[in-house]
Amino acid sequence: MSLARLSPRIAPLALLLIGTFATASIVPFMGVYIVEGLGKEPLHITLYALIVLPLTLGVNRHFGARIDAGRRIAPLLIASMSGYVVAVSAALVFHSYPMLLLVTAPCMALSNGVVSTMYSYGRLRAEHDGWDVTRYNSYLRATTSLGWMIGPALSFSLAGAFGQRWVFVMGLGFAGLWLVLWVMSFPKEFAASVKPKAEAEAEGRLRSSLWLAAGVCFLMSLAHAAASGSIPLFVLTEVHLPASTPGVMLSVKTLMEVIVILLTPAILRRMGAFRALCLSAILAAITYMLMSGIATLPRALALAALEGVYYGLFAAVGLLYMQSFAGRHLAGATALYMNALFLGALIATPIMGVIAQFLSFGMNLRIGAACACLALLALGWIAYRETRQRRAVKPAP
């Protein structure tokens, strides 16, 4: 009897967790590997990222389109993990920057499709088997957060204790474990049911609102990446708190994030996705504005907890909110959500560096608050459009 039959709800979460462990143990480590392992300047990290991130956007979009077209999901997952194995093996064997650009970078982009694909599969499987979609989505998000909580710390600890090559060996070990689990548990013929086409007018309305919702997620990602990336240097160089502060703040934030994600179904029953997302944007703006003026460790930790609350709420609700406008394009909406997060992080990195260079790291926190305010305004515009369209189609008495 397969693992999927024994525990159909746990098997996808286990696959997502091992896949997240695999990617999270490598992705943050690549910058250190390029600078310290290959002896390159920090600028070479940017060149590597400029290859990986745009290709990741294309992979997510392509995979989403195939899922929505009713293609089997299993080959997409095995393609992503195969790309991961090739990428890690190339870094382990060749130890060369040109090979890193030619082989590892594009293959890592291919491997990044696994999270978006598993989110789509989890949602489709929940609908197919009659599970609580909101609750299961929160489990998927919490599983991803758990992977990112443990994976990077594990890889950096391993590199410090035994050397950098063992990080890639560990990555291959995760890939092997994932393959065994995939063979045992994943339904190889599972595919999305292709639904009949909706009316063109309704479909156009959904797609228009979907892109606006993607803009909201992009702004929230931009706010988070610009602010959270600046917090460690801000508290150390400008506020002069103890050296352990950034690590403790990150632990507090991540803990609160996971707790809130797991509580999201109860929150959604009371507020709905729209109001919960509005609350997330409001809390983000308040958190980063207050954090830009911190002076003590207790206040820093309290605001780190508040950051975890807002981001946990956004992480759990943002995907569901976008999927509510998906129509026949559920996987495409999921891919668009992931691309919005990637693009926000991609743009935030150079902006953060420029602002910190000429102004301060604290200013990046204020920029994050401003982006959250823009996201709130965008949500207001979506609500206004939806209200007008409902009134327009309301039959005359």
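All values below were derived from every heavy atom in this structure, side-chain atoms included, with hydrogens, water molecules and symmetry-related copies excluded. Predicted model, so just to flag it, every value in this text is computed and none were measured.
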Straight-line distance of F190 CZ to H128 NE2, nearest 0.5 Å: 6.0 Å
Exam field: side chain T264 to backbone I261, donor-acceptor pair closer than 3.5 Å: yes
same_hphob_cluster(M289, L301) at 4.5 Å side-chain heavy-atom cutoff: no
Smallest separation among heavy atoms of Y48 and L101, with atom names: CA-CD2, 3.9 Å
Single-linkage hydrophobic cluster W381~F274, side-chain heavy atoms < 4.5 angstrom: yes
Parallel, tilted or perpendicular: ring planes of Y97 versus H44, cut at 30 and 60 degrees: perpendicular
Side chain to side chain contact (heavy atoms under 4.5 Å, CB included) between I294 and F234, intermediate numbers included: CA-CA 10 Å; I294 59 173; F234 170 68; 3.8 Å; yes
Expected output: side-chain E238 to main-chain G362 donor-acceptor under 3.5 Å: yes
Flag for Y33-H95: side-chain donor and acceptor within less than 3.5 Å: yes
Main-chain N/O of Y321 paired with S324 side-chain donor or acceptor, under 3.5 Å: yes
N/O donor-acceptor pair under 3.5 Å between S280 side chain and A276 backbone: no
Side-chain donor or acceptor of K188 paired with backbone N/O of P75 under 3.5 Å: no
Side chain to side chain contact (heavy atoms under 4.5 Å, CB included) between V52 and M30, worked out: CA-CA 11 Å; V52 173; M30 292 307 297; over 6 Å; no
Single hit among L13, L17, V115 for side-chain contact (heavy atoms from CB on, under 4.5 Å) with L140: L13
Aromatic ring proximity Y121/F186, centre distance under 6.0 Å: yes
Whether S221 side chain and C217 backbone form a donor-acceptor pair below 3.5 Å: no
In a table with atom names and distances, give each donor-acceptor pair under 3.5 Å that connects a side chain of residues 339-347 to protein atoms at least two apart or in another chain.
unit_1 : atom_1 : unit_2 : atom_2 : d
N339   : OD1    : N60    : ND2    : 3.1
N339   : ND2    : L57    : O      : 3.0

Heavy atoms of other groups near W182 CH2, more than 12 under 6.0 Å: yes
Greater than 12 external heavy atoms within 6.0 Å of R299's CZ: yes
Flag if over 12 foreign heavy atoms under 6.0 Å of CZ, F162: no
S111 side chain to M81 backbone, donor-acceptor under 3.5 Å: no
I26 reachable from V169 in the ILVMFWY side-chain graph, under 4.5 Å edges: yes
Co-membership, hydrophobic cluster, residues M108 and V86, 4.5 Å side-chain: no
Check: T144/Y119 side-chain N/O donor and acceptor closer than 3.5 Å: yes
Check against side chain to side chain contact (heavy atoms under 4.5 Å, CB included), L320 and L268: CA-CA 10 Å; L320 285 172; L268 287 177; 3.6 Å; yes
